[in-house]
Amino acid sequence: MKFGKEYVSQMIPEWQQAYMDYACLKNILREIQTSQKRAERQGVVKHKLSGRRNFSGLTKRYSRTFSSRDLENHDILVHATIGDDGFEKYETTILKVAEVGRESELVFFKTLDLEFDKVNRFYRSKVEELVKEAVVLNRQMDALIAFRIKLDQPSSSWSCSETVSVDINALDSKEQKGKTLAEEMGIKVEENVSNGTDSTKETVPEALSVLDRIRLNKNQENPLSTIRNVLKLSNREDLKFTRENLKKIEDRLKNVFIEFYRKLRHLKNYSFLNTLAISKIMKKYDKIASRNAAKIYMEMVDKSYLTSSDEINKLMLRVESIFVEHFASSNRSKGMNLLRPKVMKEKHRITFSSGFFVGCTVSLVIALGLFIHARNIMGAAGQKLYMETMFPLYSLFAFVVLHMIMYASNIYFWKRYRVNYPFIFEFKEGTELGYGHVLLLSFGLGTLALSAVLVNLDMEMDPNTNNYKTITELVPLFVVAVVIAISVCPFNIFYRSSRFFFLIVLFRCIAAPFYKVNLADFFLADQLTSQVQALRSLEFYICYYGWGDFKQRQSTCKSSDVYSTFYFIVAVIPYWSRFLQCARKLIEEKDLSQGFNALKYLLTIVAVCLRTAFSINRGNNWKLAAWVFSGLATFYGTYWDIVYDWGLLHRPSKSWLREKLLVPHKSVYYVAMVRTRKINRTIYKP
């Protein structure tokens, strides 16, 4: 892989704009190379020594005179200045000005200096942010250690006349005695020394005084906490010194440490990648321009804050030491596995298994078609009613499999265009599913469902088994039971972390108004709006098997008023969930756009209800109302999706789309808009 592609692939997506623009610098080098080749054909001399740097108007810098020694030993000079904001700025001076490609070389170093200043400034600002976070983390660790002391040495064992002297630093680290936690994390903290006593030695009551300023904040939201917030009741409680609360605090602080260490790793990788990019581009420049400038420029880079600062390395070492000591029982291997979770990689067995199940699915579809045609199932007496009953039962799996395949394609394109979807959806690091895993699950489910269909039909048509009609009818229910059992299985199989994450988000969608809306919540709720038919299939399962219709092989669901009522409710649930999510965001964020979005789902709810009423009880009154509200919902939804979501006809844009596009091919956006419009028409039409 070429360095340019590898460089882009290793970028932190959230910081992509802060990296060196390697591609731009490379394009400037191509212009220099093209100019030189053109000059060689014309017989022009490449270089000409000059003691002055004659800048063009686009550089907007002054000329400068250098000694003959500088001209003799170096091609460029780089010097640093301190700007008004306190940050270093670097300026490169070309000592040997070329007659050919002169403007391109000046532009190259001008761009390189600006890019390096951007990188250096960004790196310094991030380091300062992390140092401040480390100070806060240090205080939290002090509180945790005090909490442990409180439990290990209850206050009831103290007497008023005695003080128990404890070495707080000895509790912090066994290896580095005499240092505070702040020092262990590489942060300089002033010591409080009074009356000539050692401040590192404190009595137990003094050490525990930090607990007087602590309250246990219930930041995990639940319906009860939401109701308390609405009623303006506090969700904070007095700190109770119990093992249960200690476990909660340790778990929260452990996650904070892991997240903090992840930021440190990202910043270290940022420094390394940008330094490597500068080295690569300067080597290319030396090769193309026949100069010896890379060494001089890299010496400046090595002295800059980007590479000379060691705060990040110190923080990483201190965090590792503290985490292993306090959260991994001094087991370094265990602690490092928690701090550095292994990224899931696409394995060959995943690819092989996915291909195997794809072949099985295609083969079973062909076999099913041949089976129905050979035995003339659709033309046999009484079998048409049987197929009409079986179709809604097995169509559930078709909807789910198709949706999973589309989700796998989304993951593929997210990865291709470097969308950090694990971070966006807040997946646990190292447990996110790739498109290969999702395809494996989807085609595995498809193979299971199609196998059940063939077994069902074979039992129905075989003279030896056609008397077991009740058992035959239970085959689809058995498949659904297997899928549900796997979904809620507590054992660490079949991607347990992803399964539980899905179930949690699904519950949050159902209880929409009682939970703060995250991206994963409204993303899943949006997906459920396109699975209304699948939800109605689940309703049919409950009716068909719950009321015992499978024993007579006749469905009486449609003639039931209860079934018809829930036929409305099931269709409305996904849209109602999105409506409540938008309403909550409108109240919390005071964003009017969320109100207009909620109106879209409210119109859709009315349209779906009227359309369902028209399909159940056809009449002119229902027809007119269904057409009117379906038209309004279609127009409003299409306008919102295309203009607001897709960004068509944005005023600041020079083209029809928004200025910043993730996918470089604009035709993809137009095709997606057309598909969105067709889906809206399908959903809303009566």
What heavy-atom pair brings Thr361 and Leu450 nearest, and what distance separates the two atoms?
-> O-CD1, 3.6 Å

Identify, with sequence neighbours excluded, every residue that meets side chain to side chain contact (heavy atoms under 4.5 Å, CB included) alongside Ile573.
-> Ile569

Quickly, which of Met141, Glu250, Lys254 forms a side chain to side chain contact (heavy atoms under 4.5 Å, CB included) with His326? Name it, please.
-> Met141

Could you pull out all residues at least two apart from Phe327 that satisfy ring-ring contact (aromatic ring centres under 6.0 Å, His included)?
-> Phe257, Phe323

Ser354 side-chain N/O to Leu439 backbone N/O, donor-acceptor pair under 3.5 Å | no

Distance-only, no hydrogens or angles: does the Arg496 side chain make a donor-acceptor pair with backbone N or O of Pro490 under 3.5 Å?
-> yes

Check ion pair Glu129-Lys126 (N to O, under 4.0 angstrom) | yes

Interatomic distance, CD@Glu320 vs CG@Leu315, rounded to 0.5 Å, equals 11.0 Å

From Glu259 atom CD to Leu137 atom CG, the distance as rounded to the nearest 0.5 Å | 11.5 Å

Hey, could you give me the CE/CD1 distance between Met406 and Ile411, rounded to the nearest 0.5 Å?
-> 12.5 Å

Ring centroid separation Phe3 to Tyr22 under 6.0 Å = yes

Check ion pair Glu115-Lys118 (N to O, under 4.0 angstrom) = yes

Say whether, by atom type as modelled, one donor and one acceptor occur between the side chain of Arg508 and the main chain of Lys516 under 3.5 angstrom.
-> yes

Could you tell me whether Tyr412 atom OH has more than 12 heavy atoms of other residues or ligands within 6.0 Å of it?
-> no

Would you give the length of the straight line joining atom CD1 of Ile258 to atom CG of Leu253, rounded to the nearest 0.5 angstrom?
-> 10.5 Å

Could you tell me whether the side chains of Thr307 and Thr275 share a donor-acceptor contact shorter than 3.5 Å?
-> no

Centroid separation Phe357 to Phe443 less than 6.0 Å = no

Is any side-chain N of the basic residue among Asp117 and Arg121 closer than 4.0 Å to the acidic one's carboxylate O?
-> no

Minimum heavy-atom distance between Leu535 and Pro574, given as atom pair plus value = CD1-CG, 3.6 Å

Ser304 and Ser308 have their tightest heavy-atom pair at O-OG, 2.5 Å

List for me each residue that meets salt bridge (charged side-chain N to carboxylate O under 4.0 Å, His left out) alongside Glu589, sequence neighbours excluded, and say none if there are none.
-> Lys585

Okay, side chain of Asp310, backbone of Asn313: is any donor-acceptor separation there less than 3.5 Å?
-> no

Closest heavy-atom contact between Arg578 and Asp526?
-> NE-OD1, 3.3 Å

For this output row, return yes or no: ring centroids of Trp414 and Phe425 closer than 6.0 angstrom.
-> yes

Do the side chain of Ser577 and the main chain of Cys509 share a donor and acceptor less than 3.5 angstrom apart?
-> yes

Less than 4.0 Å between a side-chain N and a carboxylate O, is that true for Glu6 and Lys280?
-> no

Do Gln594 and Asp591 come close enough that some side-chain heavy atom pair is under 4.5 Å?
-> yes

Donor-acceptor pair between Tyr515 and Gln581 side chains, under 3.5 angstrom | no

Within the distance-only criterion (no hydrogens, no angle test), does the side chain of Asn518 pair as donor or acceptor with the backbone N or O of Ala520 below 3.5 angstrom?
-> no

Distance-only, no hydrogens or angles: does the Asn274 side chain make a donor-acceptor pair with backbone N or O of Tyr270 under 3.5 Å?
-> yes

Roughly how far, to the nearest 0.5 Å, is CZ of Arg243 from NZ of Lys247?
-> 12.5 Å

Considering residues, nucleotides and ligands other than Tyr421, do more than 12 of their heavy atoms fall under 6.0 Å from its OH?
-> yes

Could Arg584 and Glu588 be called an ion pair, given the rule that one side-chain N must be under 4.0 Å from one carboxylate O?
-> yes

So, does Asn337 use its side chain to make a donor-acceptor pair with the main chain of Ser333 at under 3.5 Å?
-> yes

Which word best sums up how the rings of Phe523 and Tyr407 line up, parallel for under 30°, tilted for 30 to 60°, or perpendicular for over 60°?
-> tilted

Would a distance-only check, ignoring hydrogens and angles, find a side-chain to backbone donor-acceptor pair under 3.5 Å from Ser125 to Phe122?
-> yes

